[in-house]
Amino acid sequence: MKPIGPLQIELPVGTYAWCRCGASRNLPWCDGSHKKENKLAPLVFYQPKTACVRICNCRQSDSAPFCDNSHEKDRA
């Protein structure tokens, strides 16, 4: 199985809800699906300045919501 790499985007200043449960239909962002599934609530964070960032898609990052290349550790 191929690892899920990060979403590389320019993220404007603002508050975001990063999905931690994986049930969202709008990954990597929360759409409230965790409420129906009784799963982990999102990680809400504030982006203080517009910047090009790598948002984690594998949900294994120790630097969540930002990618720390944890998806690379699964490669054989």
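As a basis for the values below, the full set of heavy atoms in this structure was taken, side chains included, without hydrogen atoms, waters or symmetry mates.
- Closest approach of P28 and I55 over heavy atoms only: CG-CG2, 3.7 Å.
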Report, one line per pair, each donor and acceptor closer than 3.5 Å where one atom sits in a side chain of residues 4-16; sequence neighbours left out.
| unit_1 | atom_1 | unit_2 | atom_2 | d |
| --- | --- | --- | --- | --- |
| Y16 | OH | P12 | O | 2.7 |

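- Checked against side-chain contact (heavy atoms from CB on, under 4.5 Å), S24 has the following partners two or more places apart in sequence or in another chain: C19, N26, L27, D31.
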**Item:** Evaluation steps, side-chain contact (heavy atoms from CB on, under 4.5 Å), between F66 and F45
**Value:** CA-CA 11 Å; F66 304 103; F45 70 99; 4.0 Å; yes
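- Taking R54 as the reference, N69 meet the side-chain hydrogen bond (donor to acceptor under 3.5 Å, both in side chains) condition, with sequence neighbours excluded.
- Annotation: side chain to side chain donor-acceptor pair (under 3.5 Å) contacts involving residues 41-53, sequence neighbours excluded, are absent.
- Distance check, rounded to the nearest 0.5 Å: CZ of R59 to CG of L43 gives 12.5 Å.
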**Request:** Start with the C-alpha distance between C56 and Q60, add both sets of side-chain angles, then the distance that settles side-chain contact (heavy atoms from CB on, under 4.5 Å), and finish with yes or no.
**Result:** CA-CA 8 Å; C56 177; Q60 296 176 29; 5.7 Å; no
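- For C21 against K39, the heavy-atom pair with the smallest separation is CB-CB, 3.5 Å.
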